[in-house]
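As structure tokens, the structure follows; a few thoughts come after it.
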Amino acid sequence: MANTLNIVQAINQALMEEMENDETVVVYGEDVGLEGGVFRATVDLQKKFGKERVFDSPLAESAIAGTAVGMAINGLKPVVEMQFSGFVYPAFNQIISHIARMRNRSRGRYNLPMVIRTPYGGGIRALEHHSESLEAVFAHIPGLKVVIPSTPYDAKGLLIAAIRDPDPVLFWEPKRIYRAFKQEVPEGAYEIPIGKAKILQEGDDITIVTWGAMVRDVQKAVDLIKDEGIRPEIIDLRTISPMDRDSFVESVKKTGRILVVHEAPKSFGTGAEIISIVNEKAFLYLEAPPTRLTGFDTTFPLPRGEKHYIPSPERIAKTIVDVVRY
Amino acid sequence: MANTLNIVQAINQALMEEMENDETVVVYGEDVGLEGGVFRATVDLQKKFGKERVFDSPLAESAIAGTAVGMAINGLKPVVEMQFSGFVYPAFNQIISHIARMRNRSRGRYNLPMVIRTPYGGGIRALEHHSESLEAVFAHIPGLKVVIPSTPYDAKGLLIAAIRDPDPVLFWEPKRIYRAFKQEVPEGAYEIPIGKAKILQEGDDITIVTWGAMVRDVQKAVDLIKDEGIRPEIIDLRTISPMDRDSFVESVKKTGRILVVHEAPKSFGTGAEIISIVNEKAFLYLEAPPTRLTGFDTTFPLPRGEKHYIPSPERIAKTIVDVVRY
Amino acid sequence: MRLEDYNPLEDRSFSILDPDGEIINEKDMPDFTDEELLYLYKTMLYTRIIDEKALSYQRQGRMLTYAPNTGQEAAQVGSAYAMKEEDWLVPAFRELGAWLVKGVPLKNIYLYWYGNEWGSYMPEGVRVLPISIPIASQLQHAAGIGMANNIKGEKSVAVGYVGDGGTSEGDFHEALNFAAVFKAPVVFFIQNNQYAISTPRSIQTMSKNLALKAVAYNMPGILVDGNDLFAVYVATKEAIERARNGEGPSLIEAYTYRLGAHTTSDDPTKYREDEEVEKWKNKDPILRFKKYLKKKGILTDEWEEKTIEELEKEVMETFESIENKSDTEIDDIFKYHYETMPPHLEEQLNEYKAFLEGGK
Amino acid sequence: MRLEDYNPLEDRSFSILDPDGEIINEKDMPDFTDEELLYLYKTMLYTRIIDEKALSYQRQGRMLTYAPNTGQEAAQVGSAYAMKEEDWLVPAFRELGAWLVKGVPLKNIYLYWYGNEWGSYMPEGVRVLPISIPIASQLQHAAGIGMANNIKGEKSVAVGYVGDGGTSEGDFHEALNFAAVFKAPVVFFIQNNQYAISTPRSIQTMSKNLALKAVAYNMPGILVDGNDLFAVYVATKEAIERARNGEGPSLIEAYTYRLGAHTTSDDPTKYREDEEVEKWKNKDPILRFKKYLKKKGILTDEWEEKTIEELEKEVMETFESIENKSDTEIDDIFKYHYETMPPHLEEQLNEYKAFLEGGK
Ligand SMILES: Cc1ncc(C[n+]2csc(CCOP(=O)(O)OP(=O)(O)O)c2C)c(N)n1
Ligand SMILES: Cc1ncc(C[n+]2csc(CCOP(=O)(O)OP(=O)(O)O)c2C)c(N)n1
Ligand SMILES: [Mg+2]
Ligand SMILES: [Mg+2]
């Protein structure tokens with residue numbers, strides 16, 4: 001059986017099913033219980049599994065992350081929500097100093113099967129701090145996994161994989177496309193492996209790497225220039241760390257060109273890492289400068305300015321053409 | 001007049017002189033007052049300027065950073081110390097959500113002339129969290145400046161520039177070489193501009209970019225292979241963000257090769273950013289793959305393993321040769 | 001009243017004006033002139049009108065996310081009225097009445113919620129910090145402002161606002177602790193409106209009230225009826241003067257209720273009962289103030305009608321003055337990150353402008 | 001004693017054994033067998049010997065940074081002795097006596113301070129978390145362990161340790177708050193040794209004692225003489241049993257003193273007077289326990305001499321068993337970041353090994 005679901009619904013279904021399958025899974029965070037989360041990703045979970053396993057927490061991100069460490073050590077699989085990725089920062093110390101390190105620190109004695117879910121990214125005309133895309137910050141920390149789905153199908157499969165992962169996973173959800181489209185999503189558990197990218201479209205003129213909400217914008221961009229005779233290979237990275245390097249390295253060996261598109265700030269972002277890997281592994285194949293099209297190195301603007309920030313399909317299209325015509 | 005000082009002493013002198021010159025400068029943090037800091041960088045400041053302007057704070061990094069925001073808005077220039085860079089994380093929310101943003105948020109109405117000083121980096125056989133090099137995390141945040149000196153002379157001049165800067169500066173001090181060597185340091189204030197790298201040695205075979213304690217290791221490495229007939233250009237980046245891009249871009253146009261050496265983890269590090277900039281600005285000049293030699297993508301090991309972590313002069317030397325011989 | 005004599009562990013609420021507009025505590029009644037009373041009433045009306053208009057603009061799709069204040073006017077207006085011009089207001093994001101009293105132009109406020117950063121550009125002389133979204137983090141700024149006053153020997157006071165939910169954050173603890181340790185002239189003002197989005201106060205903490213958390217820092221704490229402007233004013237005034245006199249910080253819990261939604265994105269019927277809301281409507285801070293003024297013979301229907309009409313006109317004109325005219329300049333996105341724009345930002349700005357000019 | 005009846009606001013210290021080895025509170029005296037008393041004494045001796053040896057190895061350049069415990073033995077041993085095997089010990093980094101009672105082998109402890117991660121690999125069945133360096137952050141883990149016990153319906157309790165300095169961190173506040181809100185079976189145990197490195201307790205907080213901070217979370221708080229093993233044991237025992245019975249968390253402040261340096265990198269003469277140290281030497285927890293045992297006739301000089309000799313031998317042998325044999329395997333640096341090593345780590349490991357094999 002399959003249903004047609006959007007991303008929020010797919011996430012909700014993944015949580016439902018994993019809580020059903022595994023009674024050690026617990027869900028908590030700010031407003032996730034009674035009301036089912038500000039984006040309704042956890043809706044009905046409390047009704048179904050009770051207040052013991054699905055509950056509202058006090059307003060304190062460090063404690064949400066920090067208590068999850070204790071729970072994971074003590075046999076549970078906490079899946080906690082941070083209300084927006086811009087509010088993960090109070091939990092930064094717990095994430096970097098403990099969550100990323102407990103397995104290594106204890107030489108494998110204590111591992112942390114836990115997930116931190118949070119909606120990330122801009123484009124929803126929101127207040128300050130509600131549009132952040134700082135996945136690269138966490139990807140730089142040894143010991144973490146950072147996963148970003150771009151479709152309902154992937155969201156469910158990746159979240160299930162994250163919950164079952166014996167190690168901590170940061171699960172960043174592209175809120176701009178939470179409800180943007182629906183897709184057939186099979187009922188019942190399935191996993192999409194963490195650390196594997198997906199080739200969305202094969203081509204041999206240019207490799208385009210992207211993830212999250214930008215996937216659709218890249219697809220729109222490619223559509224805009226479909227008469228230009230360019231055959232791009234589009235890769236949805238799906239996991240930011242550890243990264244599926246082969247996916248784009250092999251692709252670049254074929255295309256000779258690479259464009260990374262992300263909405264996070266440009267400098268020190270994920271694009272830089274991808275480009276460096278390409279330099280290390282496919283230098284001799286490069287026919288044009290590996291290119292980044294990203295958010296600016298500025299704070300994400302309030303709504304009256306936000307349309308400038310996220311690379312538009314038009315800008316992406318122009319950049320694809322520029323790189324191919326280089 | 002000039003004195004021969006090591007880095008800690010140069011920092012102390014910079015603080016002394018700026019506190020003398022400008023009565024709005026205040027210094028606080030954990031153990032910085034009476035005892036003068038665990039590394040003695042603030043020694044004698046309290047004696048000289050009193051407990052009002054130099055004081056011990058309670059043990060709370062978020063409050064140290066957060067109160068500095070209020071002080072800076074209210075007319076002071078706080079220079080706060082975080083005891084080790086591994087303990088900056090509780091202050092992450094204040095740094096990223098407020099310190100980096102106050103000027104932009106208020107459209108220039110409130111700017112924050114403040115400095116966060118902290119010893120960073122490994123190699124001192126220390127406990128966990130005492131060896132961190134996560135400058136890239138902060139450099140990815142729009143609105144911050146990240147400065148790292150590598151000599152006593154630079155430490156003083158950069159710190160004075162940081163204190164006088166109308167914007168917040170993160171001043172990361174390479175603790176491994178705090179006392180490693182002395183240098184003539186002139187008395188009296190001088191500034192070294194933030195955002196400007198320094199070419200330590202000119203050459204046209206390879207560009208080596210590094211900073212902090214690795215500068216000396218690179219110099220040692222170059223010395224190890226001085227008979228190989230390789231003429232490297234060595235650049236001390238000095239500011240991680242905003243970066244002096246021209247320094248290495250121009251150099252690569254001459255050398256065709258670049259090696260970035262840092263002790264932070266490899267993936268998503270500063271090396272990636274530098275390599276991407278080189279790709280964007282000097283692609284056609286590249287004769288070999290831009291290369292990174294860095295710390296591993298692992299937690300910094302406890303002392304019995306640390307010798308493996310930081311790239312040794314021998315490894316650097318071998319890598320230089322490899323890149324040049326590519 | 002003496003703040004030090006009040007024991008928050010006894011869990012009694014300090015109040016002066018009851019829901020029927022009666023003065024139940026003559027002794028502590030502040031000595032306002034009729035003019036002042038009308039100003040305070042007018043400001044509460046202004047606050048409510050701004051709220052109502054914003055909500056209706058939002059429903060019409062002319063306004064973005066907005067955080068309403070209805071029900072909390074006395075807590076906001078009363079506390080800010082206790083501040084002097086030189087005092088600093090350090091808000092969270094739900095302090096409309098306080099902003100107005102402190103001189104923040106409505107234009108700024110609407111501009112902010114309309115999605116433009118210029119809303120946070122405070123006029124010269126208005127010592128108000130921008131809205132701070134990360135919960136409780138702003139309290140540290142209040143503590144720092146107070147610490148700086150001590151260092152500089154200035155007599156101004158910082159008033160930091162936070163919600164009931166905000167008391168659970170680590171920053172709340174650290175800010176109060178720093179302020180106490182450094183005897184900083186700061187007043188921490190909790191608007192306990194019973195909810196943090198959908199999460200009721202009972203889930204935030206087991207402590208009987210929030211004011212008693214002051215005990216942990218050895219500072220005075222007081223629980224006041226937050227819908228009683230007089231009580232709020234008196235307690236805040238005393239806390240501020242205490243701070244100004246070098247006696248250090250205090251904590252005030254204003255017990256109030258958010259009659260509306262958390263923000264325009266929120267549907268409160270999901271998490272609370274109508275009866276609860278009705279109960280609190282009877283405690284409306286504006287209503288009881290009006291009853292008092294009427295009984296005192298200070299307020300006339302004509303004055304009220306005229307005032308409301310004027311205020312509505314002003315609010316509408318202000319909104320119209322920014323509507324559709326407040327798109328962010330591209331340069332503004334880049335210009336304010338550093339005093340001098342670094343080359344990489346300049347490059348990004350120029351590239352983007354070139355793209356726009358290049359058509360498409 | 002009833003924890004709930006004790007009021008930390010009164011600032012009285014709970015004690016049983018005075019510095020002269022006299023029982024001053026018969027009513028609360030625990031009912032230990034002679035064997036137990038000797039075990040406790042022996043463990044405190046063990047703790048001190050481990051400390052002394054570590055310091056001497058360190059001075060000889062055979063040991064790295066070490067954080068001494070001398071003076072705090074009663075607080076550590078007494079509290080841990082109140083724990084059952086199924087209870088979780090969540091340490092900061094200065095809990096030597098507690099580790100030993102809970103079954104952490106000395107070898108692990110020395111290995112850790114010797115700079116090898118294997119020190120934190122706890123034997124099966126030893127419910128002790130690794131040393132946590134970031135101050136106060138571990139309390140959240142204790143709260144989470146307790147919350148998990150509630151969810152799983154398990155009857156074990158988590159005891160989280162923190163120093164006086166640690167009470168200033170936001171995490172302290174959040175952890176206590178979570179534990180209280182979720183009625184988690186947790187005991188928060190403050191070793192107030194008067195200093196956080198050079199910073200005296202008086203700079204951490206204005207509150208009269210640290211135990212009273214419990215009031216903010218509506219949990220019991222008690223100030224105990226931390227150099228009195230009996231008092232520490234009784235208070236902790238009651239707090240643990242209370243937690244085990246579903247009555248929620250409590251806070252214990254053990255008032256003690258660090259007789260030595262903060263760590264071997266620290267010089268305490270920079271920030272405190274000799275007289276102060278001397279005063280506290282008279283309150284030595286081991287000395288008073290010894291006086292008590294002597295008076296009771298339980299302890300003989302022969303037993304003590306023999307025991308010390310045995311312990312010293314064991315300590316030296318343990319240290320020698322790890323000395324110079326504990327360099328980290330290169331694989332170990334990489335192997336424990338994830339269950340399965342990702343390709344980029346494998347690559348880095350292989351490249352590095354190839355470099356080492358390639359000579360140079
Ligand atoms: C650090 C942080 N976490 C989460 C949020 C999301 N959020 C916005 S308002 C709010 C509730 C705040 O409740 P309270 O402090 O009681 O203030 P109120 O909204 O009732 O005025 C939350 C959780 C945030 N803004 N900041
Ligand atoms: C978050 C954090 N900040 C700073 C430090 C550095 N540091 C190590 S121990 C210490 C003092 C701790 O004092 P206290 O909590 O009283 O424990 P004690 O050392 O007295 O046992 C400090 C500041 C740290 N380890 N973690
Ligand atoms: Mg509230
Ligand atoms: Mg201490």
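Throughout, protein chains are lettered first and strands after them, A, B, ... in sequence-line order, and every chain is numbered starting at 1.
Formation of a donor-acceptor pair under 3.5 Å by the Tyr338(D) side chain with backbone atoms of Asp167(A) is not found in this model. Judged purely by atom type and a 3.5 angstrom limit, Arg107(A) has no side-chain atom pairing as donor or acceptor with the backbone of Trp118(D).
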#### Entry: Worked check of side-chain contact (heavy atoms from CB on, under 4.5 Å) between Met122(D) and Tyr110(A)
CA-CA 9 Å; Met122(D) 299 297 159; Tyr110(A) 298 116; 4.1 Å; yes
### Task
Report the C-alpha distance between Val181(D) and Phe55(A) in whole Å, list the side-chain angles of each, state the deciding distance to 0.1 Å, and finish with yes or no for side-chain contact (heavy atoms from CB on, under 4.5 Å).
CA-CA 12 Å; Val181(D) 165; Phe55(A) 52 92; over 6 Å; no
### Query
Could you walk me through whether Arg101(A) and Glu117(D) pass the salt bridge (charged side-chain N to carboxylate O under 4.0 Å, His left out) check?
CA-CA 11 Å; Arg101(A) 288 164 173 257; Glu117(D) 286 82 354; over 6 Å; no
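Here Phe319(D) pairs with Tyr57(D), Tyr110(D), Tyr114(D) under the ring pair (Phe, Tyr, Trp, His ring centres under 6.0 Å) rule; sequence neighbours left out.
When all heavy atoms of His98(A) and Ser137(D) are compared, the pair lying nearest together is NE2-OG, 2.7 Å. Of all non-hydrogen atoms in Glu52(A) and Asn150(D), the two that sit nearest each other are OE1-O, 3.7 Å.
Among the residues in residues 88-107 of chain D, those with a non-hydrogen atom closer than 4.5 angstrom to a non-hydrogen atom of chain A are Trp88(D). Along residues 168-179 of chain D, the residues that come nearer than 4.5 angstrom to chain A, judged on non-hydrogen atoms, are Asp171(D), Glu174(D), Asn177(D), Phe178(D) in order of number. Residues of residues 141-148 of chain D lying under 4.5 angstrom from chain A, judged on non-hydrogen atoms, are His141(D), Ala143(D), Gly144(D), Ile145(D), Met147(D), Ala148(D) by number.
When heavy atoms are compared at a cutoff of 4.5 Å, Asn111(A) does not approach chain D at all. Of the atoms belonging to Ser57(A), heavy atoms from both backbone and side chain fall under 4.5 Å from chain D. In this structure, the portion of Leu144(A) lying under 4.5 Å from any heavy atom of chain D is its backbone and not its side chain. In this structure, chain A has a heavy atom under 4.5 Å from the side chain of Phe182(D), while its backbone stays farther away. Using a 4.5 Å cut-off between heavy atoms, Ile131(D) touches chain A through its backbone atoms (N, CA, C, O) alone. Only the backbone of Val126(D) comes within less than 4.5 Å of a heavy atom of chain A; no side-chain atom from C-beta onward does. Within the 4.5 angstrom heavy-atom criterion, no atom of Ala68(A) approaches chain D. Heavy atoms of Lys335(D) lying under 4.5 Å from chain A are absent altogether. Heavy atoms of Arg245(A) lying under 4.5 Å from chain D belong exclusively to its side chain. With a threshold of 4.5 angstrom between heavy atoms, Ile333(D) approaches chain A through N, CA, C or O but not through any side-chain atom. For chain A, the nearby parts of Asp332(D) are the backbone and the side chain; heavy atoms of each come within less than 4.5 Å.
Contact count against chain D (heavy-atom pairs under 4.5 Å) is highest for Pro58(A) among Pro166(A), Pro58(A), Pro142(A). Across Pro242(A), Gly195(A), Ser97(A), the residue that shares the most heavy-atom pairs under 4.5 angstrom with chain D is Pro242(A). Note: Met71(A) leads Lys145(A), Arg53(A), Met71(A) in heavy-atom pairs under 4.5 Å with chain D. In terms of heavy-atom pairs under 4.5 angstrom with chain A, the leader among Pro134(D), Pro343(D), Ala158(D) is Pro134(D).
Ion pairing between a basic and an acidic side chain is recognised when a charged N comes within 4.0 Å of a carboxylate O; Lys152(D) and Glu23(A) show no such pairing.
In this structure, Tyr352(D) places its OH atom where more than 12 heavy-atom neighbours from other residues, nucleotides or ligands lie under 6.0 Å away. Heavy-atom neighbours of Lys198(A) NZ from other residues, nucleotides or ligands within 6.0 Å: at or below the threshold of 12. Counting heavy-atom neighbours within 6.0 Å of Glu351(D) CD, excluding the residue itself, gives a total above 12.
Put simply, CG on Asn104(A) and OG on Ser120(D) are 10.0 Å apart, with the number rounded to the nearest 0.5 Å. Atom CZ of Arg109(A) and atom OH of Tyr121(D) lie 6.0 Å apart (nearest 0.5 Å). In this structure, CG on Leu139(D) lies 12.5 Å from OG1 on Thr67(A), to the nearest 0.5 angstrom. Taken to the nearest 0.5 Å, the CD1 atom of Ile73(A) stands 4.0 Å off from the CG atom of Leu129(D).
A heavy-atom distance below 4.5 Å is found between the side chains of Met102(A) and Pro130(D). The shortest side-chain heavy-atom distance between Met243(A) and His344(D) does not fall under the 4.5 Å cut-off. A heavy-atom distance below 4.5 Å is found between the side chains of Ser62(A) and Gln140(D).
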